[in-house]
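Okay, structure first, notes after.
What you see is a predicted model, and the numbers here were worked out from it, not measured in a lab. Residue numbers start at 1 and run along the sequence shown.
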Amino acid sequence: MWDDLDDTWYQALKHTRYTQPMQQLADFLQQETVAGHKIYPAEELYCAALNATPLDKVKVVILGQDPYHGAGQAHGLSFSVASDMPIPASLRNIYKELQQDLGVESPAHGCLISWAEQGVLLLNSVLSVRQGEAASHRKQGWEQWTDEVIHTINREKSHVVFILWGKDAQQKGSAIDASKHLILKAAHPSPLSAYRGFFAGAYFSKSNAYLEKHGITPIQWAIPDLQSQYVLLL
C-alpha cells in the first residue's frame with residue numbers, strides 16, 4: 001500500500017511504516033492470504049480514501065468503522081459502496097438526512113467519490129475485512145495507523161469538520177482539538193441506532209456554514225449520477 005500512497009499522506013505517515021503495529025498488520029494480512037481468506041476491499045484500495053482526498057485538500061472527515069464485508073461492496077471509502085451495488089441501510093439513512101437537511105434528492109447509487117474529490121475524507125477505522133465476517137480485521141494494527149491519520153489532520157490543519165457518528169467514531173476522535181476544528185457528534189446512521197439521535201442533525205448545512213465562515217469553499221453535497229462523475233475502481 002505504501003508504494004501507491006498519495007505523496008502528501010506518505011510524507012505525513014512514513015514514520016509509521018516500520019513501527020510494531022504496522023509490522024503486525026503486514027504479518028496478519030499475509031497470514032490471511034496464505035490461509036486462503038478473501039479480503040475486502042482489494043489490496044490496492046486499502047488507501048483509496050487517502051488517495052482520493054490528499055492531506056492538503058481535507059475539509060471534512062467522516063469516520064466509519066470497517067469496510068463492507070459482502071462481495072463487491074467495499075471500495076475503500078467509509079459508508080460508500082461500489083456503484084453497481086445496492087445502497088446499504090446506513091447510507092440510505094445518510095441520504096434521508098441529506099434530503100431533509102438540504103433538500104437534495106437521493107441518488108440511485110451509493111458511490112461517494114464526488115464527496116471525496118471535494119475534500120471529504122471518508123475514513124474507516126479499519127481498512128480491510130475478511131469476506132462475510134464483520135470486524136474480523138480489528139485490533140490487528142489498522143486502528144493505530146488511522147489514529148495517526150486523524151492526529152495528523154488535527155495537528156497540521158485548521159478549520160476541518162469532523163463528523164463522528166456513533167460511539168466508536170466519537171471515541172476515536174476524542175483527542176481532536178475543538179478550539180481549531182468543528183466536531184459534530186450524533187448516533188450512528190445504522191437502522192439499529194439512527195432513530196436514537198441521528199436524524200435532524202443538519203450535518204451537511206452545518207459543515208458548509210462553518211467552512212464558509214472560515215473562507216473555505218463549501219462541499220457540493222448533491223451526488224451526481226454515474227454518467228457525470230468519475231467512479232472509483234470496482
Side-chain angles (χ1 to χ4, degrees), residues 1 3-10 12-13 39-99 101-102 104-129 142 146 149-150 153 157 160-165 169 184 189 203-205 207-208 211 216-234:
M1 69 182 197
D3 293 340
D4 299 324
L5 185 60
D6 167 81
D7 188 61
T8 63
W9 285 114
Y10 180 84
L13 300 170
I39 298 173
Y40 298 128
E43 182 178 357
E44 62 268 21
L45 295 179
Y46 288 167
C47 296
L50 301 181
N51 289 333
T53 312
L55 175 59
D56 59 332
K57 305 297 184 183
V58 174
K59 300 177 183 180
V60 179
V61 179
I62 299 180
L63 288 179
Q65 298 176 13
D66 303 285
Y68 297 113
H69 54 82
Q73 291 181 299
H75 66 163
L77 308 181
S78 65
F79 295 103
S80 181
V81 290
S83 59
D84 59 345
M85 291 288 108
I87 301 172
S90 292
L91 184 53
R92 287 194 180 277
N93 283 337
I94 292 171
Y95 285 171
K96 288 179 183 177
E97 171 63 17
L98 179 61
Q99 185 169 22
D101 185 11
L102 298 178
V104 170
E105 289 297 323
S106 299
H109 64 89
C111 180
L112 303 180
I113 186 63
S114 66
W115 289 1
E117 290 180 335
Q118 295 181 73
V120 181
L121 180 62
L122 297 163
L123 181 69
N124 278 317
S125 176
V126 175
L127 303 186
S128 63
V129 69
W142 279 128
T146 52
V149 172
I150 295 170
I153 298 169
K157 297 186 66 71
V160 172
V161 181
F162 288 85
I163 299 177
L164 310 179
W165 289 324
L184 301 176
Y203 317 103
F204 309 102
S205 58
S207 295
N208 278 355
L211 293 174
I216 301 169
T217 303
I219 304 299
Q220 296 295 323
W221 292 106
I223 299 169
D225 62 32
L226 295 178
Q227 284 70 41
S228 58
Q229 75 172 64
Y230 167 77
V231 179
L232 213 60
L233 291 174
L234 303 183

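- The CG atom of Leu50 sits 12.5 Å away from the CG atom of Asp4 when rounded to the nearest 0.5 Å.
- Distance check: Leu164 CG to Leu63 CG gives 5.5 Å after rounding to the nearest 0.5 Å.
- Remark: Ala49 engages Leu77, Leu121 in a side chain to side chain contact (heavy atoms under 4.5 Å, CB included) (not counting sequence neighbours).
- Atom CG of residue Asn124 and atom CZ of residue Phe79 lie 7.5 Å apart, to the nearest 0.5 angstrom.
- Legend: residues meeting side chain to side chain donor-acceptor pair (under 3.5 Å) with Asp3, ordered by chain and number and at least two apart, are absent.
- Applying the salt bridge (Lys or Arg N to Asp or Glu O under 4.0 Å) definition to pairs two or more places apart or across chains, none involves residues 46-61.
- Not one N or O on the side chain of Gln73 forms a donor-acceptor pair closer than 3.5 Å with the backbone of Met85.
- In this structure Asp66 satisfies the salt bridge (Lys or Arg N to Asp or Glu O under 4.0 Å) test together with Arg138, sequence neighbours excluded.
- Between Asn208 and Trp221, the closest side-chain pair of non-hydrogen atoms falls below 4.5 Å.
- The main-chain N or O of Ala116 is found under 3.5 Å from a side-chain atom of Thr53 such that the two form a donor-acceptor pair.
- Residues Leu211 and Val60 meet the side-chain proximity criterion, which asks for heavy atoms closer than 4.5 Å.
- Considering only residues two or more places apart in sequence or on other chains, Ser207 meets the side chain to side chain donor-acceptor pair (under 3.5 Å) condition with none of them.
- Minimum interatomic distance between Gly72 and Ala82 (heavy atoms only, all atoms of both residues): O-CB, 3.3 Å.
- Side-chain atoms of Ser80 and His75, non-hydrogen and from C-beta on, do get closer than 4.5 Å to each other.
- Between Pro67 and Ser128 the shortest heavy-atom distance is CG-N, 3.6 Å.
- Aromatic ring pairs are classed by plane angle as parallel below 30°, tilted from 30° to 60° and perpendicular above 60°; the pair Trp115 and Phe204 is tilted.
- Asp6 meets the side chain to side chain contact (heavy atoms under 4.5 Å, CB included) test with Thr8, Trp9, Asn51, Pro54; sequence neighbours excluded.
- Applying the side chain to side chain contact (heavy atoms under 4.5 Å, CB included) criterion to Met1, with sequence neighbours excluded, gives Met22, Cys47, Trp142, Trp145.
- Shown are Val58, Ile219, Val61, Leu112; of these, the side-chain contact (heavy atoms from CB on, under 4.5 Å) with Val120 is made only by Ile219.
- Residues forming a side chain to side chain donor-acceptor pair (under 3.5 Å) with Thr217 (at least two apart in sequence, or on another chain): none.
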For a quick test of your reading: what N or O donor-acceptor pairs under 3.5 Å do the side chains of residues 87-95 make, sequence neighbours left out?
unit_1	atom_1	unit_2	atom_2	d
Arg92	NE	Ile87	O	3.4
Asn93	ND2	Pro189	O	2.7
Tyr95	OH	His109	O	2.9

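- A pairwise comparison of heavy atoms in Pro86 and Val81 identifies O-CG2, 3.9 Å as the closest pair.
- Between atom CZ of residue Phe162 and atom CD1 of residue Ile150 there is a gap of 7.0 Å, rounded to the nearest 0.5 Å.
- Counting heavy atoms from C-beta outward, Leu102 and Ser205 have side chains that approach closer than 4.5 Å.
- Every side chain to side chain donor-acceptor pair (under 3.5 Å) that Gln99 has, sequence neighbours left out, goes to Glu105.
- Legend: residues meeting ring-ring contact (aromatic ring centres under 6.0 Å, His included) with Tyr68, ordered by chain and number and at least two apart, are absent.
- In terms of heavy atoms, Ala74 sits closest to Pro41 at O-CB, 3.6 Å.
- To the nearest 0.5 Å, atoms CD (Gln118) and CD1 (Ile113) are separated by 10.5 Å.
- With sequence neighbours excluded, the residues forming a side chain to side chain contact (heavy atoms under 4.5 Å, CB included) with Thr146 are Leu123, Ser125, Leu127, Lys172, listed by chain and number.
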